[in-house]
Novice: 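Handing you a structure now.
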Amino acid sequence: MTEHLGGEVIPTGFDVPVEPLRRAAHYTGAPGCIAEARAFADRFLQQLRTEWCAGVDDRAGGELLLVVSELVTNADRHSNGPYILELEGTDSSVVVSVYDSSTALPRRFPKNPERVGRHGLEIVHALATEVTVERVPVGKRVRAVFPLSR
């Protein structure tokens with residue numbers, strides 16, 4: 001349990017483990033879905049700040065939205081169907097999972113500043129502490145663990 005006095009969070013010594021905050025949204029791939037996914041992730045961050053007292057600064061928030069944008073954009077471009085964005089967070093990290101209908105696994109290209117495009121997974125790997133890709137019964141899941149503090 002924590003008490004909030006004058007805007008400060010003071011541990012009382014009675015903290016108990018609780019389930020992470022979880023939210024998911026389904027997107028059809030229609031125009032505007034990527035922006036909707038970013039807005040969904042931004043609302044999720046606001047909820048983490050208020051319900052988990054997560055210290056998410058503007059930089060971390062912006063980087064998390066970039067990870068969401070890259071993963072959702074890949075699902076939008078490379079699958080032939082709807083996709084799901086799933087967020088799971090605590091006061092220290094957010095797990096971003098994107099499910100889509102394609103069984104083709106994404107490729108991470110080597111760094112090349114002269115290449116135009118195809119930098120999405122490079123960006124995600126640079127910002128996340130862990131990135132995994134796995135096939136699931138409906139296609140694949142790309143999962144990135146994003147730390148809220150650097």
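Source: prediction; values computed, not measured.
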Novice: Might you work through the side-chain contact (heavy atoms from CB on, under 4.5 Å) test for V68 and F40, ending with a clear yes or no?
Specialist: CA-CA 10 Å; V68 167; F40 176 78; over 6 Å; no

Novice: Taking CZ in R22 as the centre, count heavy atoms belonging to other residues, nucleotides or ligands within less than 6.0 Å. Is the count above 12?
Specialist: yes

Novice: Would a single hydrophobic cluster contain both V124 and V133, if residues Ile, Leu, Val, Met, Phe, Trp and Tyr are joined by side-chain heavy-atom contacts under 4.5 Å?
Specialist: yes

Novice: So for atom CG, which belongs to D58, do other residues, nucleotides or ligands contribute more than 12 heavy atoms lying within a distance under 6.0 Å?
Specialist: no

Novice: Using side-chain heavy atoms (C-beta onward) and a distance below 4.5 Å, is R43 in contact with R23?
Specialist: no

Novice: Can you get from V145 to I84 by hopping between Ile, Leu, Val, Met, Phe, Trp and Tyr side chains that sit under 4.5 Å apart?
Specialist: no

Novice: Taking R141 for its side chain and S97 for its backbone only, find out whether a donor-acceptor pair lies under 3.5 Å.
Specialist: no

Novice: Can a side-chain donor-acceptor contact be found between T103 and R135 if the only test is distance below 3.5 angstrom?
Specialist: no

Novice: In sequence, state the C-alpha distance, the side-chain angles, and the governing distance for C53 and D91, and then conclude on side-chain contact (heavy atoms from CB on, under 4.5 Å).
Specialist: CA-CA 6 Å; C53 301; D91 61 339; over 6 Å; no

Novice: Would L48 end up clustered with L127 when hydrophobic side chains under 4.5 Å apart are linked, directly or stepwise?
Specialist: yes

Novice: How close do G29 and D76 get, counting heavy atoms only, and between which atoms?
Specialist: CA-OD1, 3.3 Å

Novice: Show the nearest heavy-atom pair for residues L66 and R38, with the distance to one decimal.
Specialist: N-NH1, 4.0 Å

Novice: For residues S79 and S101, report the shortest heavy-atom separation together with the two atoms involved.
Specialist: CB-OG, 3.8 Å

Novice: Taking all heavy atoms of E88 and all of P20, pick out the closest pair and write down the distance.
Specialist: CG-CB, 3.7 Å

Novice: Can you tell me how far the CG atom of L65 sits from the CZ atom of F146, to the nearest 0.5 Å?
Specialist: 9.0 Å

Novice: Measure the CZ-CG distance between R107 and N74 for me, rounded to the nearest 0.5 Å.
Specialist: 13.0 Å

Novice: Could you tell me which non-hydrogen atom of L71 sits nearest to which non-hydrogen atom of A144, and how far apart they are?
Specialist: CD1-CB, 4.1 Å

Novice: Check the hydrophobic clustering (I, L, V, M, F, W, Y; side-chain heavy atoms under 4.5 Å; chains of links allowed) and say if V72 and L45 are grouped together.
Specialist: yes

Novice: Between L121 and E70, is the side-chain contact (heavy atoms from CB on, under 4.5 Å) condition met? List the steps.
Specialist: CA-CA 7 Å; L121 278 181; E70 292 298 334; over 6 Å; no

Novice: Rounded to the nearest 0.5 Å, how far apart are OH of Y99 and CG of L85?
Specialist: 10.5 Å

Novice: If every non-hydrogen atom of S102 is compared with every non-hydrogen atom of A104, which pair is closest and at what distance?
Specialist: OG-N, 3.1 Å

Novice: Run the salt-bridge test on R143 and E86 with the 4.0 Å N-O cut-off and return the result as yes or no.
Specialist: no

Novice: Rounded to the nearest 0.5 Å, what separates atom CG in L21 from atom CD in E51?
Specialist: 5.5 Å

Novice: side-chain contact (heavy atoms from CB on, under 4.5 Å) for V96 and L87? Distances and angles first, verdict last.
Specialist: CA-CA 5 Å; V96 179; L87 302 171; 3.8 Å; yes

Novice: Quick check: do N112 and P110 have side-chain heavy atoms less than 4.5 Å from each other?
Specialist: no

Novice: Would you give the length of the straight line joining atom CD1 of I123 to atom CZ of R108, rounded to the nearest 0.5 angstrom?
Specialist: 11.5 Å

Novice: Kindly work out whether a path of hydrophobic side-chain contacts (I/L/V/M/F/W/Y, heavy atoms less than 4.5 Å apart) joins V131 to F109.
Specialist: no

